[in-house]
There are 2 protein chains.
Amino acid sequence: MTFGDHIREVREQRRRESTAFSVRQVAQRIEVEPAYLSKIERNLVPPPSERTIRRLAEELHEDPDVLLAMAGKVSLDLQEIIRRRPRRFAELLRQLREAPDPALSRLVREVRDGDW
Amino acid sequence: MTFGDHIREVREQRRRESTAFSVRQVAQRIEVEPAYLSKIERNLVPPPSERTIRRLAEELHEDPDVLLAMAGKVSLDLQEIIRRRPRRFAELLRQLREAPDPALSRLVREVRDGDW
DNA sequence: TGTCATGTGTACTACATAGTACACACTTGT
DNA sequence: ACAAGTGTGTACTATGTAGTACACATGACA
């Protein structure tokens, strides 16, 4: 599923409950032209900038990192973290590339809880 | 120190030993115009593309991830790893943002050795 | 002394990114 | 019936990215 398809689906879903989620109204709140949002949802243009994706995420209660990933992007703050210590983070990420999801999940939890 | 400064320094250093490291010769081997490499080294243009940075890294025996970081970029293969599981990797990286370097280093080692 | 390589200044270009602006046809509530 | 809101087609634009092409002055060296 493309970025545009997903946005359209989520927006329409919100719309069933609230009427305030027309293309025009959402576009106005995230400060882009309605025609542009329409094109995004129909995949007539590439996904928008990180800034616009973040506003969309907030408006639709979606995870910004997931939306960015669907758009083929990585959050600038994550890039910044990597850039500060490129060797260590590059090695860590490449080691974890093929890690099964439960293992990765456990690692995240352990790091969070300080058990390491 | 900027990307350009660093490249100039490393290239000149290699040159003291080998004569094959003039701007022109290196430029030819990495397949860019000499004038362009010259401008890169003097910071007259922004750092080049990932592709060109990788060729420079190989030519000068430098770590590509470090050069990319100096250029304000993150390797596309690392971005790809994050994009495949954005939630987990986003959380992991943000948790490790402030981790002291020895701790990070230990974690990398532990993951590498499978002690986890 | 001529030639050869060197570094660099200037001008230009192709393509991508991230949108805006406006008009139009259709539907819908009153 | 009509005003208001809706989604969208078309045309255009500004800025960034990633370079190329060529000419020129300088220095080395045989």
Side-chain angles (χ1 to χ4, degrees), chain A residues 2-57 59-60 64 67-68 70-76 79 83, chain B residues 2-57 59-60 64 67-76 79:
Chain A
T2 70
F3 178 81
D5 295 345
H6 181 70
I7 294 299
R8 169 137 299 185
E9 250 179 42
V10 175
R11 187 184 53 75
E12 305 249 276
Q13 194 181 314
R14 292 275 172 287
R15 197 183 194 185
R16 272 168 228 134
E17 292 143 16
S18 136
T19 86
F21 286 86
S22 69
V23 166
R24 276 169 193 271
Q25 294 194 50
V26 172
Q28 188 174 16
R29 289 197 298 275
I30 67 173
E31 293 178 289
V32 299
E33 288 295 309
Y36 184 45
L37 178 54
S38 171
K39 276 176 277 191
I40 289 170
E41 292 190 349
R42 288 171 299 137
N43 309 301
L44 297 184
V45 295
S49 65
E50 172 162 344
R51 173 193 173 80
T52 296
I53 291 175
R54 287 193 178 282
R55 292 177 173 202
L56 224 29
E59 193 59 45
L60 302 176
L67 286 193
L68 284 165
M70 298 188 81
K73 311 197 186 212
V74 169
S75 174
L76 288 178
Q79 296 196 34
R83 285 201 305 268
Chain B
T2 70
F3 178 81
D5 295 346
H6 180 71
I7 294 298
R8 170 135 299 186
E9 250 178 41
V10 175
R11 187 185 52 76
E12 305 250 276
Q13 194 181 314
R14 292 276 172 287
R15 198 183 193 187
R16 272 168 229 134
E17 292 144 15
S18 133
T19 87
F21 287 86
S22 68
V23 166
R24 275 170 192 270
Q25 294 195 50
V26 171
Q28 188 174 18
R29 289 198 297 276
I30 67 173
E31 293 177 289
V32 300
E33 288 295 310
Y36 183 45
L37 177 55
S38 171
K39 276 176 277 191
I40 289 170
E41 291 190 350
R42 286 171 299 139
N43 309 301
L44 297 184
V45 295
S49 65
E50 173 162 344
R51 173 192 173 81
T52 296
I53 291 175
R54 287 192 178 283
R55 293 177 172 201
L56 266 175
E59 193 59 45
L60 302 175
L67 286 193
L68 284 165
M70 297 188 81
K73 312 197 186 211
V74 169
S75 174
L76 287 178
Q79 296 195 34

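Naming: A, B, ... by sequence-line order, numbering from 1 per chain.
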Within the 4.0 Å heavy-atom criterion, would you say Val45(A) contacts the bases, only the backbone, or no part of the nucleic acid? nothing
Hey, is the main chain of Arg83(A) close enough, under 3.5 Å, to the side chain of Lys73(B) for a donor-acceptor pair? no
Which donor-acceptor pairs under 3.5 Å do side chains of residues 16-27 of chain A form with protein atoms, sequence neighbours excluded?
from: Ser18(A); atom 1: OG; to: Ala20(A); atom 2: N; distance (Å): 3.2
from: Ser22(A); atom 1: OG; to: Gln25(A); atom 2: N; distance (Å): 3.1
from: Gln25(A); atom 1: NE2; to: Thr19(A); atom 2: O; distance (Å): 3.4

Once side chain to side chain donor-acceptor pair (under 3.5 Å) is applied, do any residues pair with Glu41(B), and if so which ones, sequence neighbours excluded? Arg8(B), Arg11(B)
Any side-chain N or O of Gln25(A) under 4.0 Å from OP1/OP2 of dT6(D)? yes
Any side-chain N or O of Ser38(A) less than 4.0 Å from the OP1 or OP2 oxygen of dG7(D)? no
What is the distance, to the nearest angstrom, from the CG atom on Leu44(A) to the C1' atom on dG19(C)? 14 Å
Non-neighbouring partners of Arg54(A) that pass side chain to side chain donor-acceptor pair (under 3.5 Å), sequence neighbours left out: Glu50(A), Ser75(A)
Here the distance between atom P of dG7(D) and atom CD of Gln28(A), to the nearest Å, is 13 Å
Set of residues satisfying side chain to side chain contact (heavy atoms under 4.5 Å, CB included) with respect to Arg55(B), sequence neighbours excluded: Ile30(B), Glu31(B), Arg51(B)
For residues Ile53(B) and Ala71(B), report the shortest heavy-atom separation together with the two atoms involved. CD1-CB, 3.5 Å
Just jot down the side chain to side chain donor-acceptor pair (under 3.5 Å) partners of Arg14(A), sequence neighbours excluded, or say none. none
Nearest-Å distance for atom pair CD/P, residues Glu50(A) and dG19(C): 12 Å
In this structure, how many angstroms lie between the P atom of dG9(D) and the CG atom of Leu37(A), rounded? 13 Å
Arg29(A): what forms a salt bridge (charged side-chain N to carboxylate O under 4.0 Å, His left out) with it, not counting sequence neighbours? Glu59(A)
Side-chain N or O of Arg51(A) versus OP1/OP2 of dT17(C): is the shortest distance under 4.0 Å? no
Can you confirm whether Glu12(A) is buried at CD, in the sense that more than 12 heavy atoms of other residues, nucleotides or ligands lie under 6.0 Å from that atom? yes
Looking only at side-chain N and O atoms, does Ser49(B) come under 4.0 Å of OP1 or OP2 in dG19(D)? yes
Angle between terminal axes - the helix from dT1(C)-dA30(D) to dT30(C)-dA1(D), 5 pairs each end, rounded to 10°: 0°
Protein-proximity profile, nucleotides 21-30 of chain C, B/S/- by nucleotide at the 4.0 Å heavy-atom cutoff, equals BB--------
Integer-rounded Å distance: dT6(D) P and Arg11(A) CZ: 10 Å
Figure out the CZ/P separation between Arg55(B) and dA18(D), and round it to whole Å. 14 Å
Could you tell me whether Arg8(A) contacts a base, only the sugar-phosphate backbone, or nothing, with contacts defined as non-hydrogen atoms closer than 4.0 Å? sugar-phosphate
Taken to the nearest whole Å, CG/Leu68(B) to P/dA18(D) is 11 Å
Check the distance between dG9(D)'s C1' and Arg42(A)'s CZ and give it to me in whole angstrom. 8 Å
Check side chain to side chain donor-acceptor pair (under 3.5 Å) between Ser49(B) and all other residues, then give those that pass, not counting sequence neighbours. Thr52(B)
Please determine if a side-chain N or O atom of Thr52(B) lies less than 4.0 Å away from the OP1 or OP2 oxygen of dG19(D). yes
Which is true for Pro46(B) with a 4.0 Å heavy-atom rule: it touches a base, it touches only sugar-phosphate, or it touches nothing? nothing
